[in-house]
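Notes to accompany the following structure.
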Amino acid sequence: MRQESTFYVAASPLRVWSMLANLDEYRLWRPGTRITVRNPGAGSSFRYARRTFWKKWLVVDATITDWDKGSAVGWRCGTDRLIGFTETYRIEDEGSGSRVRHSIEAIGFFGRLASRLVANDILTAIELEDAAFVNFVKRVMREPAAPNRHRRRAAKYQSTNDRETDRRN
């Protein structure tokens, strides 16, 4: 069974893709998820951890299935025959921002069975995660850009001069 949500983000598709493709930072906007990946890209394997209802971490191996720069990020967890899921983000250009389609599909016999029982809960979780991602993008877009090297040097020089002045007084 497939659950899907669509949302708008006021950022370019490449910017949205770069935030979604940075799998290690999912914990910043999806607190119940931990992803550790060394070299992300199509076919890469990684560890996917998700906090369960019982406050325990469920850790599974996953494989990146979609990795199209600027348009898609997706992965598959679990086994095809028993239980697992695929999660995909598809990004489309829309005016001055991006339209993102976030989908989760249960795979395997037990995965399809379980997803039918908790379909509404899965959709609610997807919508909450999407809202958290939109808020994360807004927060990142509001942050000032990192100062360039000359400004950092000037700030460092200013702070050392302030310390020397304090020592003299």
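Along the sequence shown, residues are numbered consecutively beginning with 1.
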Query raised in the report: Between R30 and E87, is the closest basic N to carboxylate O distance under 4.0 Å?
Result: yes
Query raised in the report: Atom CG of L28 and atom OG1 of T33: how far apart are they, to the nearest 0.5 Å?
Result: 11.5 Å
Query raised in the report: Who passes ring-ring contact (aromatic ring centres under 6.0 Å, His included) against Y26, sequence neighbours left out?
Result: W29, W75
Requested in this report: May I ask you to test the V100-V16 pair for a side-chain heavy-atom distance under 4.5 Å?
Outcome: yes
**Report entry** Gap separating the CZ atom of R76 from the OG atom of S45, nearest 0.5 angstrom
**Finding:** 12.5 Å
Query raised in the report: If you round to the nearest 0.5 Å, how far is CD1 of I126 from OG of S103?
Result: 7.5 Å
Query - W57 CH2 to R50 CZ distance, which is reported to the nearest 0.5 Å - result: 9.0 Å
Report task. Could you pull out the closest heavy-atom pair between G70 and P13, with the gap in Å? Result -> O-CB, 3.7 Å
Query raised in the report: Which residue pairs satisfy the side-chain hydrogen bond (donor to acceptor under 3.5 Å, both in side chains) criterion with at least one member in residues 62-73, sequence neighbours excluded?
Result: D66-R90
Report task. Identify whether M19 and L128 are in the same connected component of the hydrophobic contact network (ILVMFWY, side-chain heavy atoms under 4.5 Å). Result -> no
Report task. With rounding to the nearest 0.5 Å, note down the distance linking CG in D93 to OG in S98. Result -> 6.0 Å
Query - Residue pair H102, E129: steps toward the side chain to side chain contact (heavy atoms under 4.5 Å, CB included) verdict - result: CA-CA 10 Å; H102 179 196; E129 290 169 359; 3.7 Å; yes
Query raised in the report: Transitively linked via ILVMFWY side-chain contacts under 4.5 Å: Y8 with V140?
Result: no
Report summary line: Shortest non-hydrogen pair, S5 vs D130, comes out as OG-OD2, 2.9 Å
**Report entry** Co-membership, hydrophobic cluster, residues V134 and M141, 4.5 Å side-chain
**Finding:** yes
Query raised in the report: Run the side chain to side chain contact (heavy atoms under 4.5 Å, CB included) check on D61 and Y48 step by step: do they pass?
Result: CA-CA 6 Å; D61 291 323; Y48 182 91; over 6 Å; no
Requested in this report: I would like to know whether F7 and F133 meet side chain to side chain contact (heavy atoms under 4.5 Å, CB included); could you show each step before the answer?
Outcome: CA-CA 10 Å; F7 60 97; F133 178 71; 3.8 Å; yes
Query - Over all atoms of both residues, closest heavy-atom pair of I107 and C77 - result: CD1-O, 4.2 Å
Requested in this report: Scan side-chain atoms only and decide if S44 and N39 contain a donor-acceptor pair under the 3.5 Å cut-off.
Outcome: no
Query raised in the report: Rounded to the nearest 0.5 Å, what separation is found between the CZ atom of R47 and the OG1 atom of T36?
Result: 7.0 Å
Report task. State whether E25 and R27 are salt-bridged, where the test is any N-O pair (Lys NZ or Arg NE/NH1/NH2 against Asp/Glu carboxylate O) under 4.0 Å. Result -> no
Report summary line: Heavy atoms of V59 and A49 approach each other most closely as CG2-CB, 3.8 Å
Query raised in the report: Is R101 salt-bridged to E92, cutoff N-O under 4.0 Å?
Result: yes
Requested in this report: Please report the shortest heavy-atom distance between A11 and R15, naming the atom on each side.
Outcome: CB-CG, 4.2 Å
Query raised in the report: So do D24 and V37 actually touch side chain to side chain, heavy atoms under 4.5 Å?
Result: yes
Query raised in the report: Are L23 and V60 connected, step by step, through hydrophobic side chains (Ile, Leu, Val, Met, Phe, Trp, Tyr) whose heavy atoms are closer than 4.5 Å?
Result: yes
